[in-house]
Trainee: 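Provided herewith is a single structure, encoded as structure tokens, for subsequent inquiry.
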Amino acid sequence: MIANKRPDSRLDFDPRAMGLAEPSRAFYRRPTVAVARALVGAWIARRVRGRWYGGRIVETEAYLGPGDRAAHSWGGRRTERVEPMYAEGGHLYVFLVYGMHHCANVVTRAAGVPEAVLLRAAEGPAGAPARLMAGPGKLCAALGITVADSGRDLAGEGPIRIFARRSRRPDIGISARIGVDYAGEAKDWPLRFYDRGSAAVSRLVR
DNA sequence: CACATGATCGCCT
DNA sequence: GGCGATCATGTGG
């Protein structure tokens, strides 16, 4: 069992002072691509001992379920690991890749529809290293998110939450997803969304 | 800057 | 038994 890790103290921030609000459940139940786009500019945060730690999401990828060869739920796979993807939108799905890195996903749509949005990169509050969360594994490491958090409800009162962006819309770039060359035709689908103005995007792929 | 490689282990076949 | 929704480091140009 992997112990709960602690977030990087440099990610300390105050969502309330920033006027950030949490989206309703309906936000997450929308089509996955819409959620993936809306999450660019939103904040992912974790509360530990009364303090909030987090960052502004700058890169996401949509994973479209049974028909998407790159998705863990491809072909309707339903194992213990993937089970959180079948939960109602607004839950968290975390898995371990390459034996050492964790990846965090925001589950979308209705219960039983196993689609999700991978959080690929975020930029921390002022003072945090620019590329501390420039990658899905680094994002989880910085926030201390592990498979122990898989299945959590982001829309409830739990320790991991999402805050919607306020107003300014990021200049969003689109590309194929990263690291899914094995996925047949799905490898070229334009399901990666990133903030063109951010220095924390994991890789520059047009 | 563009590759190439090793680390490391849970998951699925 | 093979292979990742990755990352840091090392080499060469």
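Letters A, B, ... mirror the listed sequences (proteins, then strands); counts begin at 1.
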Trainee: Just N and O in the side chain of A:Arg69: are any of them under 4.0 Å from OP1 or OP2 of C:dA5?
Mentor: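 So the side chain of A:Arg69 is outside the cut-off, no N or O lying under 4.0 Å from OP1 or OP2 of C:dA5.
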Trainee: Find the distance A:Met85:CE to C:dA5:C1' and express it as a whole number of Å.
Mentor: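 Nearest whole value for this atom pair: 10 Å.
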Trainee: Return the value, rounded to whole Å, for the distance between atom CG of A:Asp181 and atom C1' of C:dT6.
Mentor: 14 Å
Trainee: Would you grab the first and last nucleotide of DNA chain B (5' to 3') that comes under 4.0 Å of any non-hydrogen atom in chain A?
Mentor: B:dA7 to B:dT13
Trainee: If the cut-off is 4.0 Å, is A:Tyr93 near the phosphate of C:dA5, judged by side-chain N/O to OP1 or OP2?
Mentor: no
Trainee: Please give, in whole Å, the distance from C:dT9 C1' to A:Lys138 NZ?
Mentor: 13 Å
Trainee: Nearest whole Å is fine: how far is C:dC3 C1' from A:His101 NE2?
Mentor: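 Interatomic distance, NE2 of A:His101 to C1' of C:dC3: 15 Å.
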Trainee: So what does A:Ser202 touch, heavy atoms closer than 4.0 Å: a base, only the sugar-phosphate, or nothing?
Mentor: nothing
Trainee: Kindly confirm or rule out a cation-pi arrangement of A:Arg47 over A:Trp52, judged by NZ or CZ under 6.0 Å from the six-membered ring centre and within 45° of its axis?
Mentor: yes
Trainee: For a quick check of understanding: with a heavy-atom distance under 4.0 Å over all strands, which category does A:Arg81 fall into, base, sugar-phosphate or nothing?
Mentor: sugar-phosphate
Trainee: Is A:Arg165 salt-bridged to A:Asp195, going by a charged N under 4.0 Å from an acidic O?
Mentor: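 No, A:Arg165 and A:Asp195 are not salt-bridged.
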Trainee: Which whole-number value in Å describes the distance from A:Arg131 CZ to C:dC7 C1'?
Mentor: 12 Å
Trainee: Under 6.0 Å between ring centres, would you say that holds for A:Trp189 and A:Tyr63?
Mentor: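 Ring centres of A:Tyr63 and A:Trp189 not closer than 6.0 Å.
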Trainee: Touch check for A:Gly99, heavy atoms < 4.0 angstrom, all strands: base, sugar-phosphate only, or nothing?
Mentor: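 Since a base atom lies under 4.0 Å of A:Gly99, the category is base.
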Trainee: Would you kindly give the CZ-to-P distance between A:Arg77 and C:dG4, to the nearest whole Å?
Mentor: 12 Å
Trainee: For the base of C:dA5 and the side-chain ring of A:Phe95, does the geometry meet a stacking cutoff of under 5.5 Å between centres and under 30° between planes?
Mentor: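 No, A:Phe95 does not stack on the base of C:dA5, since the centre distance and plane angle fail the 5.5 Å and 30° test.
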Trainee: Mind calculating the distance between CG (A:Leu119) and P (C:dA5) to the nearest angstrom?
Mentor: 16 Å
Trainee: Could you state the atom-to-atom distance from CG of A:Leu64 to P of C:dA5 in whole Å?
Mentor: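 Rounded to the whole Å, the gap is 15 Å.
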Trainee: Looking at A:Arg51 and A:Asp12, is any side-chain nitrogen of the basic one under 4.0 Å from a carboxylate oxygen of the acidic one?
Mentor: yes
Trainee: I'd like to know whether CZ of A:Arg168 has more than 12 heavy-atom contacts from other residues, nucleotides or ligands below 6.0 angstrom.
Mentor: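 Atom CZ in A:Arg168 is crowded, with more than 12 foreign heavy atoms closer than 6.0 Å.
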Trainee: Within 45 degrees of the axis of the six-membered ring of A:Tyr28 and under 6.0 Å from its centre: does A:Arg109 put its NZ or CZ there?
Mentor: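 The answer is no, since A:Arg109 fails at least one limit relative to A:Tyr28.
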Trainee: Let's test this: given Watson-Crick or G-U wobble pairing with both distances under 3.5 Å, identify the partner of B:dC9.
Mentor: C:dG4
Trainee: Got a salt bridge between A:Asp8 and A:Lys138, using NZ or NE/NH1/NH2 to carboxylate O under 4.0 Å?
Mentor: no
